[in-house]
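Reviewing the structure listed below.
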Amino acid sequence: PATAHERETKRSGGFDGRLVARYLSAMGTHVVTLYYTALLGSYGLYVSGDLSLTWWIGFSAARLANATEAGGSVAADEAARATSLAYLTTYACCSIGHVAMLVISSMIWAYGGVRASRELHSRTVGMLALAPLWWYDETPSGRILSRYTSDIGIVDLQLAEEGDNFGQILVFSLALG
């Protein structure tokens with residue numbers, strides 16, 4: 001029979017789907033739902049700001065063309081200036097709202113990450129405490145400690161960061177589509 005050392009293999013590359021599912025489950029459905037809702041709101045504001053900017057540019061180009069044909073000045077039109085100010089205000093509010101919602105969504109993800117880490121670490125410690133004695137006899141304590149700290153690093157740092165990045169890229173891609 002193979003020893004514990006011979007059976008253990010280290011994976012490299014992406015995350016196992018079961019690990020991601022456990023991580024999201026440990027975060028809680030309400031946290032994940034709130035995170036994606038905040039991201040959808042953020043990128044909705046992003047798209048709204050871009051549309052406002054597009055309309056503003058179209059309005060300004062038409063205004064410039066009309067003023068050039070009439071031989072007048074663009075700066076003298078008060079109604080056009082007020083309309084430009086409205087476009088500017090809309091664009092600024094959408095941009096500030098987008099950034100604020102991105103920060104809020106990242107804070108929600110960080111909260112969920114801490115929550116998931118706490119639950120997954122508790123499960124892992126519980127499994128280590130219930131491991132059979134022969135396993136401790138065959139497995140050097142340094143290997144146990146090294147593997148445990150490596151797994152903690154993956155869950156606390158990599159999975160949390162890459163999960164947030166994945167969520168933002170996914171919602172951004174949907175917003176562009």
Side-chain angles (χ1 to χ4, degrees), residues 1-53 91-177:
T3 64
H5 173 66
E6 292 169 344
R7 286 189 305 253
E8 183 176 334
T9 60
K10 181 153 175 81
R11 295 183 193 181
S12 62
F15 298 111
D16 183 16
R18 292 175 301 176
L19 174 63
V20 173
R22 277 190 229 129
Y23 188 78
L24 293 175
S25 174
M27 283 180 113
T29 308
H30 63 287
V31 173
V32 175
T33 302
L34 190 59
Y35 169 74
Y36 279 104
T37 302
L39 272 183
L40 286 170
S42 174
Y43 284 104
L45 287 169
Y46 177 84
V47 169
S48 298
D50 278 358
L51 287 173
S52 173
L53 186 59
Y91 178 72
C93 288
C94 286
S95 296
I96 291 168
H98 167 65
V99 170
M101 291 298 287
L102 269 182
V103 169
I104 289 169
S105 68
S106 289
M107 289 172 58
I108 293 167
W109 188 263
Y111 166 77
V114 168
R115 180 183 161 117
S117 293
R118 187 179 308 130
E119 183 174 326
L120 293 174
H121 296 330
S122 293
R123 281 189 209 168
T124 305
V125 168
M127 292 176 77
L128 280 173
L130 297 175
L133 289 177
W134 64 263
W135 184 76
Y136 285 106
D137 289 338
E138 287 186 15
T139 310
S141 59
R143 183 176 302 129
I144 295 170
L145 187 60
S146 175
R147 180 66 188 263
Y148 184 69
T149 56
S150 170
D151 289 350
I152 285 176
I154 288 171
V155 170
D156 287 348
L157 302 174
Q158 287 181 309
L159 195 56
E161 181 181 344
E162 291 186 26
D164 188 27
N165 291 343
F166 173 78
Q168 290 193 26
I169 290 169
L170 175 70
V171 174
F172 182 70
S173 298
L174 292 174
L176 293 179

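Contact of the Tyr23 side chain with the Val32 side chain is not registered, since no non-hydrogen atoms from C-beta on lie closer than 4.5 Å. A 4.5 Å side-chain heavy-atom check between Leu157 and Glu161 finds every atom pair outside the cut-off. Contact check for Asp164 versus Tyr35: side-chain heavy atoms found under the 4.5 Å cut-off. In this structure, the side chains of Leu24 and Thr29 stay at 4.5 Å or more apart for every pair of heavy atoms.
Shown here for Ser105 and Leu102, the closest heavy-atom pair between the two residues is OG-O, 2.8 Å. Tyr91 and Gly49 make their closest contact through CD1-O, 3.1 Å (heavy atoms, listed as atom of the first residue, atom of the second, distance). Between Gly97 and Leu45, the shortest heavy-atom distance links the atoms C-CD1, 3.4 Å. Ser48 and Cys94 get closest at one heavy-atom pair: CB-SG, 3.8 Å.
In this structure, the separation between CG on Leu39 and CG on Leu34 is 10.0 Å, given to the nearest 0.5 Å. Atom OG1 of Thr139 and atom CG of Leu145 lie 13.0 Å apart (nearest 0.5 Å). Of the inter-residue distances, the one linking Ile108 atom CD1 with Met27 atom CE reads 10.0 Å to the nearest 0.5 angstrom. For the atom pair His121 NE2 and Ile152 CD1, the distance stands at 5.0 Å (nearest 0.5 Å). To the nearest 0.5 Å, the span separating CE on Met101 from OH on Tyr43 amounts to 11.5 Å. Once rounded to the nearest 0.5 Å, the distance linking CG of Asn165 with OG of Ser106 reads 8.5 Å.
Distance alone, capped at 3.5 Å, places no donor-acceptor pair between the Ser25 side chain and the Ala21 backbone. For the pair Ser42 (side chain) and Ala38 (backbone), a donor-acceptor distance under 3.5 Å is absent.
Remark: Tyr111 OH is loosely packed, at most 12 non-hydrogen atoms of other residues, nucleotides or ligands lying under 6.0 Å away. Within a 6.0 Å sphere centred on OH of Tyr136, heavy atoms belonging to other residues, nucleotides or ligands number more than 12. Around the CG atom of Leu133, the shell of radius 6.0 Å holds no more than 12 heavy atoms that belong to other residues, nucleotides or ligands.
Aromatic ring orientation, Tyr46 versus Phe172: perpendicular (interplanar angle above 60°, classes split at 30° and 60°).
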Step-by-step side-chain contact (heavy atoms from CB on, under 4.5 Å) determination, Val99 to Ser95: CA-CA 6 Å; Val99 170; Ser95 296; 5.9 Å; no
Step-by-step side-chain contact (heavy atoms from CB on, under 4.5 Å) determination, Trp135 to Ile144: CA-CA 10 Å; Trp135 184 76; Ile144 295 170; 3.6 Å; yes
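Ion pairing between Arg115 and Glu119 fails under the 4.0 Å rule for side-chain N and carboxylate O.
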